[in-house]
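Have a look at the structure below before the remarks.
Since this is a predicted model, take the numbers as computed values, not measurements. Proteins get letters first, then strands, A, B, ... in listed order; numbering begins at 1 in each.
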4 protein chains.
Amino acid sequence: MAPIVSKDYKERRKSSILSSALECFAQKGFVATTVDDIGAHSGISKGSIYNYFESKEAIYFELLNTATERDKENITKNFSTLRSSLSKLSYMFDVFLTLDPFNPKRLGTTVVFYEFTFHCTRSEKLLDLVTKRGNFLLNIIKETLEEGQESGEIDKNIDVNLYAHRFWLIIDGVSLQTIHKDFPYYDVLREMKEMYLEEIKAK
Amino acid sequence: MAPIVSKDYKERRKSSILSSALECFAQKGFVATTVDDIGAHSGISKGSIYNYFESKEAIYFELLNTATERDKENITKNFSTLRSSLSKLSYMFDVFLTLDPFNPKRLGTTVVFYEFTFHCTRSEKLLDLVTKRGNFLLNIIKETLEEGQESGEIDKNIDVNLYAHRFWLIIDGVSLQTIHKDFPYYDVLREMKEMYLEEIKAK
Amino acid sequence: MAPIVSKDYKERRKSSILSSALECFAQKGFVATTVDDIGAHSGISKGSIYNYFESKEAIYFELLNTATERDKENITKNFSTLRSSLSKLSYMFDVFLTLDPFNPKRLGTTVVFYEFTFHCTRSEKLLDLVTKRGNFLLNIIKETLEEGQESGEIDKNIDVNLYAHRFWLIIDGVSLQTIHKDFPYYDVLREMKEMYLEEIKAK
Amino acid sequence: MAPIVSKDYKERRKSSILSSALECFAQKGFVATTVDDIGAHSGISKGSIYNYFESKEAIYFELLNTATERDKENITKNFSTLRSSLSKLSYMFDVFLTLDPFNPKRLGTTVVFYEFTFHCTRSEKLLDLVTKRGNFLLNIIKETLEEGQESGEIDKNIDVNLYAHRFWLIIDGVSLQTIHKDFPYYDVLREMKEMYLEEIKAK
DNA sequence: TATGAATGAGTATTCATTCAT
DNA sequence: AATGAATGAATACTCATTCAT
């Protein structure tokens, strides 16, 4: 039978729930957020929310998944316009240099994201999700570094794996510090970027 | 009325609750841990626990506070045996190079601490605790760097504040990555240490 | 406006809902069966079901009513081919001797019917339904016994009312026992039948 | 540690919950009864009820179990004072002849009992309970009949198993009929008793 | 002080029923 | 008439905290 509402309508409804949920989670945390909160925020009844998601956790799950997908697309799209490996890596730093990490909404999202990561740590099933995301992010850098080594842009002696990890360590490190009001985010990150790019450059 | 039980007895009881709580929190997370869990683990009755702590959150709170105090003491004690600024900073790195971050208990503790930090983010009162701890940790490095600059050990041109932040960024970064099973913790941290110390050294 | 679909179509649809409902109820019980279950089983949408029935309970209600009607018709039809009272009573026993009470579907149906009967016990309105059905069934036997007494087939001294009740007591009794896997249904019922018929026979 | 309340106190509390639950179940049925209902009826808070029982179903379960135990004890006690098999069987009938089956409370209990039996029909675990109870009741009659055959009181030709089933068939049959207001319970049961005892008597 | 029983507010989830398309 | 999305009342169960003993 033909669906009674358009696929588009359902998509919009679902993403409305997702964005409301994200905002609630960011404000109060996953546990403290009730399904009623999400309903009130999105103007969608509790019962309806359960038409779109199996459980509160499923919303959480999809939120992270969606974010991963979006990141993937964004990076792929932007990488395609960039030729050199160094410019790609530079772009990756810039992603984090061009957002406002102290904006309450952004900060909330960051916190939610880390909290969910920790939450996953305690569930076999969810751990997988986190691992996959982690590997995906790691590989982006790894592959870019390898490309650069092949093209001669990047020092052939560096340990690609180590440097990939180091990249995300920096990002996690600065992101985490944003919970402190007066953390000089941009200064620190900009310096770390320059140093990082300098080190890997072919001598 | 004279106290019926010795102060020492009470101290032991309290710290028994604390260590049990930490283990439970590490295993299941703060929210999922019930006061009964802590009771069962410590062998102390639920009612009794409330003689020592106002609330479950108070236990959490004291746990972080105690850890901060212990860190403070440890650092002070060890710093007193160290003369040069560089050796002090080296020691600070070594603190994290000599623990086993993948040990489940340790990993759990790490997660709990970050979780609590995030939790505090949402409460004016608790945020203060985190800020104080953050400042304390930051200042240790700052002061050491300043000492080094005065004594000529450390490059006078570096921005002390920036480098202090950078130190903790590194620590937070590597700690966070330990949730990934195959993160080359020691390799990465060792390299970061060498690089860090090299950079700040007076030229 | 002329009806868009034929009356026949609607009848078929309605009875499809009824038979699906019966099967669902038999399998999971009335409360545990959701309207969605009935929809899934019958291939008729939830919304449509409510075009045919006011409520889930109305389906239950009609199920019993329909069964009563069907029983009524069956008995009338079969009685019309039977001359003697004793053969009619014999036939009534045979109805229950020729079904397979341990067949899961049959057993489920039995349970559903008793459950609904009990359910009705608690509602003035529904109790009426049960009473009517009860009286109808009772009267069939009563009338047959009276006919037999008039015709001389059946002992004039027996209390017709008592023996009518006794008939249904036997049927309820053996039906109920079928929930026990190894109840010798046929043996017991056959013997009860013989004894019953022997007793009422005119001496 | 010594329990803080007496075992007796807890027993009384538990049985208070049980009897309240029975009354609520009898009045509204198992599903319609909320845990709050039981709480209100017993004056015990919902939370407390869960200190004594794992779930609403567990209360139901224990109710049936307790009834079985009580029956067992009663029968054993009374049988010990009776010498002949026939008097024992007579006593078994009298158990049901000396209660008031139309008393609302009693009727409610009967209905609850059958409802639960049906409910069990759909759960492997619970079916066991019902089977055990069924076998126990069956065996009482069987054993008594066998004793009687050995002592010469009871006809050696009767099929003990069949007659045991027939006993409970009668009891179930008359119990079920009590949902009809004008069922001549005593008359029917008394006659069935006499007939039953007459038939099995050694000729 | 220690205990653990009592409390009841708090919440995820289900599902009969309604209603817009 | 048919569909299935929307609704929200209803409810079992949990657990931090209190309190009588």
Would you say the side chain of A/Tyr114 lies within less than 4.5 Å of the side chain of B/Phe118, judging by non-hydrogen atoms?
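A side-chain contact under 4.5 Å exists here.
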
Between A/Tyr52 and A/Ile59, is there a side-chain heavy-atom distance shorter than 4.5 Å?
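With C-beta onward as the side chain, the pair stays apart.
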
Can you tell me the distance, in whole Å, between the [atom1] atom of [X] and the [atom2] atom of [N]?
X	N	atom1	atom2	answer
B/Ile44	E/dA2	CD1	C1'	10 Å
C/Ile49	E/dT18	CD1	C1'	14 Å
C/Arg12	F/dA1	CZ	C1'	15 Å
C/Lys7	F/dA1	NZ	C1'	17 Å
A/Asp37	E/dG10	CG	P	13 Å
D/Ile17	E/dA5	CD1	C1'	11 Å
D/Phe53	E/dA5	CZ	C1'	15 Å
D/Ile59	F/dT11	CD1	C1'	14 Å

Protein-nucleotides 11-15 of chain E N/O pairs under 3.5 Å:
{"residue": "E/dA12", "atom": "OP1", "partner": "A/Lys56", "partner atom": "NZ", "Å": "3.1"}
{"residue": "E/dA12", "atom": "OP2", "partner": "A/Val35", "partner atom": "N", "Å": "3.1"}
{"residue": "E/dT13", "atom": "OP2", "partner": "A/Tyr50", "partner atom": "OH", "Å": "2.8"}
{"residue": "E/dT13", "atom": "OP2", "partner": "A/Lys56", "partner atom": "N", "Å": "3.2"}
{"residue": "E/dT13", "atom": "O4", "partner": "A/Lys46", "partner atom": "NZ", "Å": "2.9"}

Are any side-chain N or O atoms of A/Ser16 and backbone N or O atoms of A/Arg12, one a donor and one an acceptor, separated by less than 3.5 Å?
no

Checking the side chain of C/Ser45 only, and the main-chain atoms of C/Ser48 only, is there a donor and an acceptor separated by less than 3.5 Å?
yes

Kindly express the pairing pattern of DNA chain F in dot-bracket notation, using | wherever a base pairs with another strand and counting only Watson-Crick or G-U pairs under 3.5 Å.
.||||||||||||||||||||

Any chance you could measure D/Ile44, atom CD1, to D/Ser20, atom OG, to the nearest 0.5 Å?
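Those atoms lie 7.0 Å apart.
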
Check this one for me: any side-chain N or O of D/Tyr52 less than 4.0 Å away from OP1 or OP2 of E/dA6?
yes

Presence of C/Arg13 side-chain N/O under 4.0 Å of F/dA1 phosphate oxygens OP1/OP2:
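Result: no.
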
Among residues at least two apart in sequence or on other chains, which ones pass side chain to side chain donor-acceptor pair (under 3.5 Å) with B/Thr68?
B/Arg133

Start at the 5' end of DNA chain F and walk down; is the nucleotide closest to C/Gly43 or to A/Tyr9 reached first?
C/Gly43

Partner residues of D/Phe116 under the ring pair (Phe, Tyr, Trp, His ring centres under 6.0 Å) criterion, sequence neighbours left out:
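Per chain and number, D/Phe116 pairs via ring pair (Phe, Tyr, Trp, His ring centres under 6.0 Å) with D/Tyr60, D/His119.
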
Once salt bridge (Lys or Arg N to Asp or Glu O under 4.0 Å) is applied, do any residues pair with C/Glu57, and if so which ones, sequence neighbours excluded?
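In terms of salt bridge (Lys or Arg N to Asp or Glu O under 4.0 Å), with neighbours along the sequence ignored, C/Glu57 is linked to no residue.
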
Name the atoms and distances for all side-chain donor-acceptor pairs under 3.5 Å in residues 24-35 of chain B, with sequence neighbours left out.
{"residue": "B/Lys28", "atom": "NZ", "partner": "B/Asp37", "partner atom": "OD2", "Å": "2.8"}
{"residue": "B/Thr33", "atom": "OG1", "partner": "B/Cys24", "partner atom": "O", "Å": "3.2"}
{"residue": "B/Thr33", "atom": "OG1", "partner": "B/Gly29", "partner atom": "O", "Å": "2.7"}
{"residue": "B/Thr34", "atom": "OG1", "partner": "B/Asp36", "partner atom": "N", "Å": "3.3"}
{"residue": "B/Thr34", "atom": "OG1", "partner": "B/Asp37", "partner atom": "N", "Å": "3.0"}
{"residue": "B/Thr34", "atom": "OG1", "partner": "B/Asp37", "partner atom": "OD2", "Å": "3.3"}

